[in-house]
Peer 1: 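First, the structure itself, so that you have it in front of you.
The chains referred to below are lettered A, B, ... by the order of the sequence lines, with proteins before strands, and numbering in each begins at 1.
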2 protein chains.
Amino acid sequence: MNNRIRELRQQKGWSQADLATLLKVSRQTVNALERGRYDPSLPLAFNVARLFDLTIEDVFQPDQE
Amino acid sequence: MNNRIRELRQQKGWSQADLATLLKVSRQTVNALERGRYDPSLPLAFNVARLFDLTIEDVFQPDQE
DNA sequence: GCCATGTGTAAAGCAAACTTTACATATGCG
DNA sequence: CGCATATGTAAAGTTTGCTTTACACATGGC
């Protein structure tokens, strides 16, 4: 699962810590998501999309199978 | 997190076991999702949405906070 | 009544998501 | 140089998602 979190975050001029605060998760979680270490839970994916005013499909792209 | 899985499944005339097979998860997982016992992983949410030819936002509604 | 099918649920176990604490490295600025 | 900020990572622990096995109950058809 790819995502555009880093790109979207940088467009806003936010640090990983800033984004973590806004999402109410740890900075390590933001880092792990950006680096593709794991996928977010569905509720967190919704929070990310809403924060950037996008759909989940806009932010996350499932691997083509 | 609410979802329309049961409704969508019944529209197709599928049993929980049928849907589980199509999604490649266990029947208990389908049952738990329909009954709101937990949320699906993001990849599974994508699979559900694609199976019904809908967006994630069409199928899943986060609790209003 | 018997059997098949569909649904709900429980327990045990594994894997994935997330946390806290901690340390390393890089960059920029006084 | 010394310090602050940003990022990457690791280890250990908790919670959540999902599996397998198993059993209960309801409904409908023979």
Peer 1: Grab the CG-P distance between L23(B) and dG17(D) for me, whole Å please.
Peer 2: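 My rounded result for the distance is 16 Å.
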
Peer 1: Does T29(B) make a side-chain N or O approach to OP1 or OP2 of dC18(D) shorter than 4.0 Å?
Peer 2: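 Looking at the OP1 and OP2 atoms of dC18(D), neither is under 4.0 Å from any side-chain N or O of T29(B).
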
Peer 1: Looking only at side-chain atoms of N31(B), point me to the closest of dA10(D), dT20(C), dT9(C).
Peer 2: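 When the side chain of N31(B) is considered, dT9(C) is the closest of dA10(D), dT20(C), dT9(C).
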
Peer 1: From the set dG8(D), dT9(D), dC18(D), return the single nucleotide nearest to any side-chain atom of Q28(A).
Peer 2: dT9(D)

Peer 1: Whole-Å distance between dG6(C) P and E34(B) CD?
Peer 2: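 It works out to 13 Å between those atoms.
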
Peer 1: Between R9(A) and dT7(D), is there a side-chain N or O to OP1/OP2 distance below 4.0 Å?
Peer 2: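 For dT7(D), OP1/OP2 do have a side-chain N/O of R9(A) under 4.0 Å.
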
Peer 1: Figure out the CG/P separation between L33(A) and dA16(C), and round it to whole Å.
Peer 2: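 Taking atom P of dA16(C) as the reference, CG of L33(A) is at 15 Å.
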
Peer 1: Would you indicate which nucleotide in dC18(D), dG8(D), dT19(D) comes nearest to any side-chain atom of P40(B)?
Peer 2: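 Of dC18(D), dG8(D), dT19(D), dC18(D) is nearest to the side chain of P40(B).
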
Peer 1: Does any non-hydrogen side-chain atom of L42(B) lie less than 4.5 Å from one of I56(A)?
Peer 2: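 Result yes, sub-4.5 Å side-chain heavy-atom pair found.
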
Peer 1: Let me know the distance between CD1 of I5(B) and C1' of dT7(C), rounded to the nearest Å.
Peer 2: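 The distance from CD1 of I5(B) to C1' of dT7(C) comes to 16 Å, rounded to the nearest Å.
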
Peer 1: Counting side-chain heavy atoms from CB outward, which of dG17(D), dT19(C), dT9(C) is closest to Y38(B)?
Peer 2: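 The listed nucleotide nearest to Y38(B)'s side chain is dG17(D).
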
Peer 1: Return the nearest nucleotide to the side chain of R35(A); candidates are dT9(D), dC18(D), dA10(C).
Peer 2: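 Of dT9(D), dC18(D), dA10(C), dT9(D) is nearest to the side chain of R35(A).
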
Peer 1: Quick one about Q16(A) and N31(A) (side-chain donor to acceptor, distance below 3.5 Å, no hydrogens or angles considered), yes or no?
Peer 2: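 There is such a pair (donor and acceptor under 3.5 Å, judged by atom type) between the side chains of N31(A) and Q16(A).
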
Peer 1: Please classify the nucleic acid contact of S41(B) as base, sugar-phosphate, or nothing, using heavy-atom distances under 4.0 Å.
Peer 2: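 The answer is sugar-phosphate, as S41(B) gets under 4.0 Å only of primed atoms, P, OP1 or OP2.
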
Peer 1: Please examine the side chains of L51(B) and W14(B), heavy atoms only from C-beta on, and report whether any two atoms are closer than 4.5 Å.
Peer 2: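 W14(B) reaches L51(B) side chain to side chain.
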
Peer 1: Between Q16(B) and P43(B), who's closer to the 5' end of DNA chain C by nearest nucleotide?
Peer 2: Q16(B)

Peer 1: Check if the side chain of R27(A) and the base of dG8(D) share a donor-acceptor pair of N or O atoms closer than 3.5 Å.
Peer 2: yes

Peer 1: Which is it for D18(B) and T21(B) under the side-chain hydrogen bond (donor to acceptor under 3.5 Å, both in side chains) test, yes or no, and what are the steps along the way?
Peer 2: CA-CA 5 Å; D18(B) 293 333; T21(B) 299; 5.9 Å; no

Peer 1: Looking at N3(A) and L33(A), would you say the former's side chain and the latter's main chain have a donor-acceptor pair under 3.5 Å?
Peer 2: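 Judged by distance alone, yes, a pair lies under 3.5 Å.
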
Peer 1: Given atom CZ of R37(A) and atom C1' of dG8(D), what is their separation to the nearest angstrom?
Peer 2: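 Rounding to the nearest Å, CZ of R37(A) and C1' of dG8(D) are 9 Å apart.
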
Peer 1: Which of these nucleotides, dA6(D), dT9(C), dC18(D), is closest to any side-chain atom of S15(A)?
Peer 2: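 That would be dA6(D).
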
Peer 1: Starting from P on dG8(C), measure out to CG on L19(B) and report it in whole angstrom.
Peer 2: 13 Å

Peer 1: Just to confirm, is there a sub-4.0 Å distance from OP1 or OP2 of dG6(C) to any side-chain nitrogen or oxygen of R6(B)?
Peer 2: no

Peer 1: For W14(B) and dT7(C), give me the distance from atom CH2 to atom P, rounded to whole Å.
Peer 2: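 Result: 13 Å.
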
